[in-house]
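Numbering starts at 1 and runs along the sequence shown.
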Amino acid sequence: MSMSHGPWMAMRSLTRDGDVTKRKLAPGTIPRIIEFARPYRREISIFLVLVIIDSLLVVALPLLFKVIIDDGVTKGNKRVVVAVALAVAGLAVFDALLTLYQRFLSSRVGEGLIYDLRTKVYAHVQRMPIAFFTRTQTGALVSRLNTDVVGAQQAFTSTLSSVVSNVIVLILVVATMLYLSWQITLGALVLTPLFLLPARWVGRKLQAITREAMQLNAGMGTMMTERFNVSGALLVKLFGRLGDESAAFASKAGQVRDIGIKQAMYGRVFFTSLTLVASLATALVYGVGGILVIDDTIKIGTLVALTALLGRLYGPLTALSNVQVDVMTALVSFERVFEVLDLPPMIDEKPGAEPLTRGRTDIELRHVDFRYPAADEVSLASLESVAVLDQAPSQEVLHDVSFSVPAGTMTALVGPSGAGKTTITSLVGRLYDVRAGQVLVGGRDVRDVTLASLHEVIGVVTQDAHMFHETIRTNLLYARPDATDEELAEALTSAQIWDLVASLPDGLDTTVGDRGYRLSGGEKQRLAIARLLLKAPDIVVLDEATAHLDSESEVAVQRALKTALEGRTSLVIAHRLSTVRDADQILVVDDGRIVERGTHTDLLVADGLYADLYRTQFASQDTGGRPTQPVGTGST
């Protein structure tokens, strides 16, 4: 370790949270880490050999200085001076090349591990059920792929090399100094507590300040994230809170500034104490060593070598004094990554699952009971920022639900908010699994078919269709990556939105903005329908696709939906009952049960809940008012 890197490595070590050493690792963590690093064992072995060689050079150069002075300069031997000077230059070049190759191996191993961990975690998280995402804090999950993954790879790069290098350097430096002069060495070691004790005190202060700084920066970052997205910015403007927001941010930024000043000052105290003790030790070496040189006990070259070695003594001592924290920090980062990888996805394919056959497809639910999974079934406490997950089971949402949707027909789900309509459609797409009963698509239990084939068969349009912050083309190609521009234009035409897209300056390459906010509600819905048409599913699920649209937009979307539903099996959640009067079957859902079923005419004649809802809605429309509880506006 070079003198320039030593203080910085020691400083970083001291700022780490010492509480990490109190944490018990999960059984088998270390063997799993070793197994994870197995593909890089050759690079790691070479890297460690280079670290050892680099550590040897720390001692070699001061000894060469001794030779050049004692055997060359003082004896007037020019040949020795030239030879040793060339050797020093050669070692410098060798050390530079060694450092470059060492860095290449370090980055290759480190970035390789980061890639492996990130791709595994990302792929695993993609397999998690929707219930996982409804509970998990997005920031905490992203942190696993960034902070923890980087912390984990440091176990095999900076932490491993630092520990190995510091141990070897410390042993060699102390052994060499004792060999050159045990008196001076003991004197230098006596000064060690003068540095280590203040350094540990500064370290504890820095740990507390670092924790506080991370919390303050996270709070400031959260505020910026929430206010800089479209929804947050709109809310701030609508409530006229610009001044309050600026003041609140200034307060948070001020706290970050103040803690930054504290960090800087404590860091400077650390470096000043290191420099002070090193200067005192240097004074001791020159003072005692100078007397020993005058007394002819040691030579002047030995004194120069001892001074050079002294500069390489205190950095490794400080870093190794906190080595347990360094190692545990890296191991805990690995453990936090493994924690996510070990969470089993609730929705997974059975061994031997077969693909679902494409074509005209029916839907059937048989005696389905369902409750949403409890927190401990789908999530991690650390991803929800709670100490312990709620283990209480949720209440039953669906009770003995049975119905069938023949191929090519439309079935509408209507009922009060929170009745269970969206839950039923979620079970058809296997976003959740039933607790009892069966959900069949094409006569096959959805748990027996591959997820990819099931999702290929089913297309969904929700009341708030999500758009990526990309171009219209990219959002459409998400449904069918190989679609041509002609096919995109055809889908947009069928969705009643091609004229608008064609009139835009950038056409298909127009960016839709965050969550599609550059589009109106009706435009976004029609773009979602175009995406559905490109997918060409056999089953279409509409979850209140026109719930929040104005009359003009609703007419355009209804025309687009007519094209999308033609010839397909459809399951439609209705907000406005007028839109489902022509459905082949209407199911009235209330409190998780199907309480009525039949055609629009049949249900009006039955004069039950459907008739009440219908009369309430149209009576409200006739008087220009709105019902106190609109039908079907819930998301349950």
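- When atom types are taken as modelled, the side chain of H124 and the backbone of L343 share a donor-acceptor pair closer than 3.5 angstrom.
- Qualifying ring pair (Phe, Tyr, Trp, His ring centres under 6.0 Å) partners for F36, counting only residues two or more places apart in sequence or in other chains: none.
- Using a 4.5 Å heavy-atom threshold, the side chains of V446 and V428 count as separate.
- Under the ring pair (Phe, Tyr, Trp, His ring centres under 6.0 Å) criterion, F47 pairs with no residue at all, not counting sequence neighbours.
- A salt bridge links D342 with R32; the closest basic N to acidic carboxylate O contact falls under 4.0 Å.
- The neighbour count for M224 CE, taken as heavy atoms of other residues, nucleotides or ligands under 6.0 Å away, is above 12.
- In summary, of the residues considered (V93, L50, V51), a side chain to side chain contact (heavy atoms under 4.5 Å, CB included) with L98 occurs for L50 alone.
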Decide yes or no on side chain to side chain contact (heavy atoms under 4.5 Å, CB included) for L172 and V58, but give the supporting numbers first. CA-CA 9 Å; L172 290 176; V58 171; over 6 Å; no
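- Aromatic ring pairs are classed by plane angle as parallel below 30°, tilted from 30° to 60° and perpendicular above 60°; the pair F334 and F338 is tilted.
- For the pair R227 and F249, the NZ or CZ position fails the cation-pi test of under 6.0 Å to the six-membered ring centre and within 45 degrees of the ring normal.
- Here salt bridge (charged side-chain N to carboxylate O under 4.0 Å, His left out) pairs that include residues 97-111, with residues two or more places apart or in two chains, are E43-R108.
- Y432 and T423 share no donor-acceptor pair across their side chains, judged by distance under 3.5 Å alone.
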